[in-house]
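Model, not experiment: these values are computed from the prediction. Chain A is the first sequence line, chain B the second, and so forth, proteins listed ahead of strands; every chain is numbered from 1.
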2 protein chains.
Amino acid sequence: MSHQFHHSAEDLIRHNGGKVTAGRVGILAVLLAEQQAITHREIEQRLPQTLQLDRVTLYRVLEWLAGKNLIHKVSSDDRVWRYHANRDVSSHQHAHFKCTGCAQVICLETLPVERNWQLPAGYRFQEIELTVKGLCASCC
Amino acid sequence: MSHQFHHSAEDLIRHNGGKVTAGRVGILAVLLAEQQAITHREIEQRLPQTLQLDRVTLYRVLEWLAGKNLIHKVSSDDRVWRYHANRDVSSHQHAHFKCTGCAQVICLETLPVERNWQLPAGYRFQEIELTVKGLCASCC
DNA sequence: AGATAAATGCAACAATGTTGCACTCATTGT
DNA sequence: ACAATGAGTGCAACATTGTTGCATTTATCT
């Protein structure tokens, strides 16, 4: 299964002018293979046995990938960043869903925010972060 | 300035069946006096010199106050909880604004979320957390 | 005032994430 | 193919936020 992700990962990294290292390819491949946004822990667990990276390297690779816009970070109420590959849905703003049962986080397609609303006078808008909480299908 | 807050705090705590201790009253008074949602750090700094509490006590008091619905916790992307007294606006769902310049967090009046949107099939909705990011009036 | 349970302080721990520095290795040019 | 180079990595140490267990203190009730 991972061959194609491995290959895409390599391409994406090369195209962005970074060194193609085992760590970067492996991490990006893991994220490409994953539907949900996952934590640094979960990424570690999904990496092949032959590729054990230092925690610091993992953080730095994730930071680099996010900087190149290949992945994005999702903040959550448990003080843990989750990461998700930037596919179709990810270039534009979108909301996230977090299951309060299993802590799974997925990206939703849309950002269901009304058009007409105002910040207090003098405030400037930059972006919106929206997390819907509830129970996922498995936890219902 | 703090006399009235101090007094309100005492009342609120007593009404909720808790022991009226200096720590609880002081912390709630600080939060009542504050417009923004502030961190545990900022609460510590605003406490009078004569009332220095252990970090653990502060956390436990905040947890207790939140459990009694006298304050609410606001999660943020910097992995730090912020706390805000439950006034008028706070009993219902509302959005928060976080300034990317000074990290100030305020509560917005409304939750500008559309009515008609769906979670994936089998998912159950519980609540929404919405944070608008941008620059506050001072940071613009 | 004394009894009692609730609240607090201390020490130790856990998890996530960051920084500095030396070393390795992917890439580039020859 | 190989050497030079700087980007990437690993290690150790640290910072911050928050939690847990247990002994001690204190607000409240009678």
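- Of all the heavy atoms in B:Ser8 and B:Leu32, the pair that sits closest is CB-CD1, 4.0 Å.
- Residue-to-nucleotide contacts include no donor-acceptor pair under 3.5 Å from the side chain of B:Lys19 to the base of C:dA7.
- Between the OH atom of B:Tyr59 and the P atom of C:dA11 there is a distance of 18 Å, given to the nearest Å.
- Within 4.0 Å (heavy atoms only), A:Arg60 reaches at least one base atom of the nucleic acid.
- The CG-C1' distance, from B:Leu53 to C:dC10, rounds to 14 Å in whole Å.
- When all heavy atoms of A:Trp64 and A:Ile13 are compared, the pair lying nearest together is CH2-CG2, 4.0 Å.
- Contact of the B:Cys107 side chain with the B:His72 side chain is registered, since non-hydrogen atoms from C-beta on lie closer than 4.5 Å.
- Distances from the side chain of B:Thr21 to the nucleotides C:dA26, D:dA27, D:dT28 place D:dA27 closest.
- Taking atom CZ on A:Arg82 and atom P on C:dG17, their separation rounds to 10 Å, with Å as the unit.
- By the neighbour-count criterion of 12 heavy atoms within 6.0 Å, atom CD of A:Gln126 is densely surrounded, having more than that number from other residues, nucleotides or ligands.
- When the C1' atom of D:dG18 is taken as reference, atom CG of A:Asp78 falls 13 Å away, rounded to whole Å.
- Judged by closest nucleotide on DNA chain D, B:Lys73 is the one of B:Arg14 and B:Lys73 placed further toward the 5' end.
- If you check the side chains of B:Ser76 and B:Lys98, you find a donor sitting under 3.5 Å from an acceptor.
- The CZ-P distance, from A:Arg24 to D:dG8, rounds to 4 Å in whole Å.
- Within the 4.0 angstrom heavy-atom criterion, base atoms lie near A:Arg55.
- At the heavy-atom level, B:Val80 lies under 4.0 Å from the strands shown only through sugar-phosphate atoms.
- The nucleotide whose nearest atom lies closest to any side-chain atom of B:Thr57 is, among D:dT28, C:dT27, C:dT8, C:dT8.
- Computed from coordinates, the A:Leu58 CG to D:dG8 C1' distance equals 14 Å when rounded to whole Å.
- Distance from the side chain of B:Val61 is smallest to C:dT8 among D:dT28, C:dT8, D:dG8.
- Of the two residues contacting DNA chain C, namely B:Arg79 and B:Asp54, the nearest-nucleotide position lying further toward the 5' end is that of B:Asp54.
- Protein atom CG of B:Leu62 is 11 Å distant from nucleotide atom P of C:dT8, rounded to whole Å.
- Backbone-only engagement by B:Arg41 is indicated by non-hydrogen atom pairs under 4.0 Å involving sugar-phosphate atoms exclusively.
- The distance between atom CD of A:Gln52 and atom P of D:dC11, rounded to the nearest whole Å, is 12 Å.
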